[in-house]
Structures are given as structure tokens and as C-alpha cells.
Amino acid sequence: MRTDAQKIMITRKSKCIPLVLSSGASPKERKSFARLCALLEQAKFDVDKSLDHAFWITTAELGDLYNQPWLAAATHTVIDLVDQGWTVKTNKNEILLSPPDSHADRTTEKLRIRRQEHLRRDAQLRQPSVRRFVQSMERAHQHGNRLVSIFNLMRDGRELAEALVADPSGQKIIQPYVQIVDSSVRCELTGFNLHDIWRYFRHTWSNAYSTVPGRSMPILIRDAATEHHAVIGLAAISSPVVQIAERDKWMRWDTKQLIDSLESDPTESIAQWIARRIIKQRDEIYIMDLLRDGVLEPNDLKAPTQDVVARLKEDAERHRAKHHQGGPIRGVRNVESNTWVARAETDLFRSKRSALLAETLEIQSHLGVYFGARPSAASLRKAVADPKARTQIGRLVRRARGERVGTVVADLTVCGAVAPYNALAAGKLVGALAVSPAVLASYRAKYSRPSEIASAMAGRPIIREARLAFVGTTSLYGTGSSQYNRLFWPAETMGGSDDARMGFYKIGRSRSFGTSHFSDATVQALVRLSEQNGGLIRVNGVFGEGVSPRLRKVRLGLAALGWPADELLKHGRERILYGVPLVDNLRDYSLGIDEEPRYILDPEQRDSVDSIAQWWFERWARKRAAQERAQETMRQHRLVRPIRHGARVPLPSNEEISPIESACSAAQPSLRKNSKTSS
């Protein structure tokens, strides 16, 4: 009897996408691509094997792809998609691509994702520079009068298990503390750079290590109960993904959701905020060069017209085109971050300023009649009833949300424990400590400084809010996350009320959209095609140009191919979204309606780590420590040579042939024979 999930898979009709190389491709490229797709029809999705690009390119006899940019982009893209379970069907006249059905088997889906992540991680660990880094950390060096290595920052699992058996209370066995990672600071006990310690253990994760643009604050959780303060786990608080519909609705600051609430409950405080927001948005735009160049007249700010809005939009487009021509890129990168006027007058920021001022003056011209000298709930009610004014309020809300999402909202981009502590559910300890008062205070101290983008827009230092109100994160798999499930604790452990609780709320599922299923070779081929095809828009990787450069590059390349980007960017990997609200007035403070946050915890408390650690041990670790299976798991992590320890980076051998390569080699003769037939 079929399960419900299997019935869904059977009844679901997959959308077929026709793959056609546009007229820019040569007849030879189109014929070669058809030959490749005929071969890929035979490829079967296997969680244990991956498609090797070089093998399929050679087997299909595609030749030198560098001189065939259309074929190169199409080839790498379709191989990546087939590798993720998409299927290709060909006949004489067309090639059809179908997305994979969701796996009914959770284990299969986990294996698929894990394989995808391990392939990229292992490819990274094979890079000579990464291997040298790992080996240098594992090599003993002199510190004080002793030889130390990264192994001194790992705890022997046998010792930990035996200590917990001898003292089940665990009070002196594990003594966690938070250490904020600063790349300029060295560990006093080992001499290692703190960021190098964090990076080494990050390489033990199942996915590849990468830097995060924008704000990022790595965190180490260490154990003062050991001689060298072994690493318990890692975390990182980083700039969030800007647009997550499920998160925005949960926070109640989604544009439509907010405006609908104003219709039923208009308030004076929000009316006043709208008036303040217009003035603030306008005054934080540098305009001296716009006045100098005649784009703007002084009176235009008081009584904006459609003519001045049009002039500003035209100016924005002109300077945007100049920026994307590529010449001024060096200028943007060479301007020092604290020379705000010079940075503001680059083509990139001139374009952004003119566009934003045009939008702001347009909003002002429509809303000024409602929010003049005395904004009130009554005027807000009238504005919401006016379709044009309602639209402008929506634009204002979106702009406010976009500004503050990266300042009062953050993502927990790294969170987990290393062996042998992970056998004690120490990932839950790391999750709680990552949003503790010590971390919030450090985050505020680190980012209470001029914002690069806001200051470049204003031509003067602008300090954005740095008091966090919400921290979000996602599970690795869409089928559940043992680390964040049921992760709640009494707010009083962090200085809050004794009748409140804090924790990771499940807020929805992420949309399966992104570039995680595209390899670097595919991205490079798509970028090259886009540039050679004469695209007017270029992704230069300049800070301030926009979010997610990789996503924008892939989208432009797929557009150059003429293939539907929105469909092909659906990678089929849903993840569970979690969020930790830190304040009671989440919506109003996050938007700036309320100027002060009402914290659930005490953000100034400095001694909360001990109480959090005690809560974690009693709630999670004590039971695990008493289980024979957990004890046996801990004992497997040994620091005697040869060192076999789960906290050691698993460097893959460069000499050994992977099972994937072996499988490709075994299949090569029959596929070559078929390629001759299909051609």
C-alpha cells in the first residue's frame, strides 16, 4: 500500500522546461548540446555518486568549451541540475528538463543534501592553501615553555566520559564560557590567532566554509575546566537574508500585513513615525553634487514635483550605466571608507542617492497632505483609505524594513558543538549562548560605528542601530533539526522575568530558492556568457552594489541563455526556519516606530553564562551523560596517536580516486559508444 507521500509524488505533475540555445549559439554548439542531453537521459540520480563535469564533457565530445561560451554555460548548468535529480528527455525536435519530485523518504533526502555538501566541502579541503592551513594548525609550535597544537584545544572523549561517570553533577567537569573572535587577538593559552582557531573547527562542518558579506561576528564556546580551554562549539552572528517572507510575516512587519493592521487600528504613534521617517530618509541623502549639477533645486525638497522626480530618476540611470561600464570600479574600491563625500560621489552611490531621493520625494508629495505638522490617528486612517497614499506608505515601510533588517535583525549562520561535547547535546548550549547577554553586548559594541553604506549615501558618518531584536536561523535539513527542536529556556537564566521563556520558535519553511545546487564552474560559465553577450548590467562584487552577488550572477547568466531563472533557481532544498525574539515590541522596535527596545532578557547582564550552562546540563547533558551509547560515542574521540577525533578536520586524500570518479570511469566505454550513435 502506498504512503500519502508516495501518492503525492505520483499525482504531482512536474513542469517541463524546454531547453533551447538561442540564436547566438552556433549550429555546432546546438548539435553538441543535443548530443550531451541525449547522454544525460541515461544518468540516474544516486545519493552516493555525483556527475563529473569533465567526464560528461569528454564523453559527449564537446571539444574546447572556452571558445564555445553558449555551450559551456548550458553544459555546466544542465549537468548540475541532473546531478540534483532533474531529468532530461530528448527527441528530434526538443529537449525537456523536469524538476525532481520531493523525496518521500526522509533518509534519502538527507543523504542527497549531505552528499551535495560533502562534495563541496571536500573539494575545498583539497585546495593547497586550505591543506597548508590545516596542517599548520596541527603542527606543534613553541608557546612559552611548551609545544602546543590545535589538538590541545580538543578534549579527549575517554577522559570526559570517565569524569562524568565519576561526578554526575558535572559542575566542575564542563565550565563553558563565551569568547568573541577578533582576528587581531591571540589565544593566551596556545598562541593561535582566535580566528584561525574558529576557522579550523569550522572546516569540520559538513558544508564548506565561506565568508559572509556584511556584518559577521564569530564566537567560540570554550571549556575552562580543561588545561588549554578546549573548544566546545562555534557560532557566528551575521547579516541576515534580506527577504524571507515567512520571517517577515512572523515578525508582523510584512508590508501588506502592516498596512492591513493600520486600516483596522490606526495609531498616532505610527502616524508620527511616518512623518519622521520621510524627513529622516530625505535628510540622510547627500545632495551637494545634485545641486551643483542642476539636477536639484533648493526648493525641490520642500515642494517636490513630478519633474524633479523624473530628473532624479534619469540621473540615477545615467550613473548606474557608468558604474556598470566597469571603469569606475577601481575608484569605488580605492576610496577609503571614512572619506564619505568622495565615496558618495562615485557613480555607484550617485546612482543610489538619486534613485532614493526620487522615491522619497515622490512619497513626500503624496503623503504630505496627510502627515503635516500634526500627524494623528485620524490622518493615518484617511491616508490608508486613499489608494495612492496607501501605496506610498507601503514603499516607506519596505524602505524602513530594508534599512533595519541588517541592523536589529541577524542570522545565526554557524551554530554547533564539536566532538566529544556534541554527544551531550552541546549544540543546544551553543544555540542558547549565541543569543545571551554577553553576545548581544559584544555585537552592540562592535557595530556602534558608522555604517559604510548609510554614511556613503549621506556623505557623513551615520551610525545605525546595533541593538538586536531578533536572531533567525535555519535547519540543515527540511525534515527536522534536533539541535533547535524544543530549544527553550527560562528567561530568568538571562536576567529576564521568572514567568517568561526564551528560545527558538519554528516560524515556517524557507522557499527552495538559491544557488546552492550550482557549482563554481557553472557560475563562471554563466558570468562569462553574460559578459560576452553584451549585458548592460554587471555584478562587480563591490560592497554597496547589492545583496547576494552569486545569485545575481547566476540570474544574469541564465537570462543570457534565455532559460527561466526563477524555475532553475529552485534547488529543492526546503529548510525549517527558526527565530529567537529578544524584545516584546518586536514589530514596532524593528521598524523604528519605537525608539527603545523592551528586552525579554537583561542585555547588560554579564554573569548569565553560568546559569545558562547549569540549565543546559540539567535539561540536556545529564541524561545523555548517563547513557551508555553516549559514553561510547565520547570514548571514540581519542587524542593518542594516531589521532582519531571528530573535532579534527577530515582532510581527503589527494591521491585516492573517489568512488564517484571510479563509477564514471566504469561507465565511460558504454556512454562513449552511445554518444557515437546519438551524433
Side-chain angles (χ1 to χ4, degrees), residues 47-51 80 83-85 103 106-127 129-131 133-134 181 195 197-214 216 218-221 231 233-241 244 411-419 422 426-427 430-431 434 472-484 509-523 548-551 554 569-578 646-652 658 660:
V47 295
D48 296 320
K49 299 175 184 177
S50 179
L51 302 184
D80 275 346
D83 195 29
Q84 292 302 310
H103 291 287
R106 292 185 176 186
T107 302
T108 301
E109 178 64 6
K110 282 189 174 184
L111 288 173
R112 182 181 79 87
I113 295 172
R114 189 176 296 147
R115 185 209 66 178
Q116 179 182 345
E117 297 292 0
H118 282 188
L119 285 171
R120 295 188 178 178
R121 182 198 67 180
D122 290 350
Q124 183 181 68
L125 293 177
R126 284 192 176 96
Q127 295 175 7
S129 60
V130 176
R131 296 179 73 87
F133 167 75
V134 171
V181 173
H195 195 273
I197 295 174
W198 190 92
R199 178 188 168 192
Y200 177 90
F201 287 104
R202 175 61 181 81
H203 277 304
T204 67
W205 257 232
S206 60
N207 54 352
Y209 164 71
S210 61
T211 57
V212 178
S216 184
I219 302 162
L220 287 167
I221 308 299
V231 172
L234 313 177
I237 298 290
S238 307
S239 292
V241 176
I244 302 180
D411 276 353
L412 187 57
T413 51
V414 175
C415 180
V418 301
N422 54 0
V430 176
T473 191
T474 61
S475 64
L476 180 59
Y477 307 110
T479 54
S481 170
S482 59
Q483 179 164 286
Y484 301 119
R509 289 179 176 269
S510 65
R511 296 179 180 177
S512 307
F513 189 84
T515 63
S516 64
H517 53 314
F518 288 119
S519 63
D520 290 342
T522 298
V523 175
S548 190
R550 181 183 173 94
L551 178 63
V554 170
L569 285 168
K570 294 176 181 177
H571 52 56
R573 289 182 54 180
E574 286 192 351
R575 294 181 175 182
I576 301 174
L577 298 169
Y578 294 89
R648 185 178 189 180
V649 175
L651 281 180
S658 68
I660 294 167

Once side-chain hydrogen bond (donor to acceptor under 3.5 Å, both in side chains) is applied, do any residues pair with N207, and if so which ones, sequence neighbours excluded? R202
Partners of S238 by side chain to side chain contact (heavy atoms under 4.5 Å, CB included), sequence neighbours excluded? V212, S216, A236, T413
Once side chain to side chain contact (heavy atoms under 4.5 Å, CB included) is applied, do any residues pair with S210, and if so which ones, sequence neighbours excluded? none
Listed partners of T204 passing side-chain hydrogen bond (donor to acceptor under 3.5 Å, both in side chains), at least two apart: none
Output for pair (T473 OG1, Y578 OH), nearest 0.5 Å, gives 9.5 Å
Between Y200 (side chain) and V649 (backbone), is there a donor-acceptor pair under 3.5 Å? yes
Minimum-distance pair of heavy atoms, taken over all atoms of P650 and L125: O-CD1, 3.6 Å
Does any N or O in the side chain of R126 come within less than 3.5 Å of the main-chain N or O of R131, such that one atom is a donor and the other an acceptor? no
For the CG atom of L234 and the CZ atom of R199, what is their distance to the nearest 0.5 Å? 13.5 Å
Under 3.5 Å: donor-acceptor pair, side chain of R121, backbone of W205: yes
For a quick test of reading the model, state the closest non-hydrogen atom pair linking A417 to G427 and the distance between them. CB-N, 3.5 Å
All side chain to side chain contact (heavy atoms under 4.5 Å, CB included) counterparts of V241, not counting sequence neighbours: I244, D411
Residues passing the side chain to side chain contact (heavy atoms under 4.5 Å, CB included) test with A434, sequence neighbours excluded, are A235, L412
R648: which residues meet the salt bridge (charged side-chain N to carboxylate O under 4.0 Å, His left out) condition with it, sequence neighbours left out? E138
With a 3.5 Å distance limit and no angle check, can you tell me whether Q124 reaches the backbone of Y209 through a side-chain donor-acceptor pair? yes
Do you know the tightest heavy-atom contact between T522 and F518? CG2-CD2, 3.7 Å
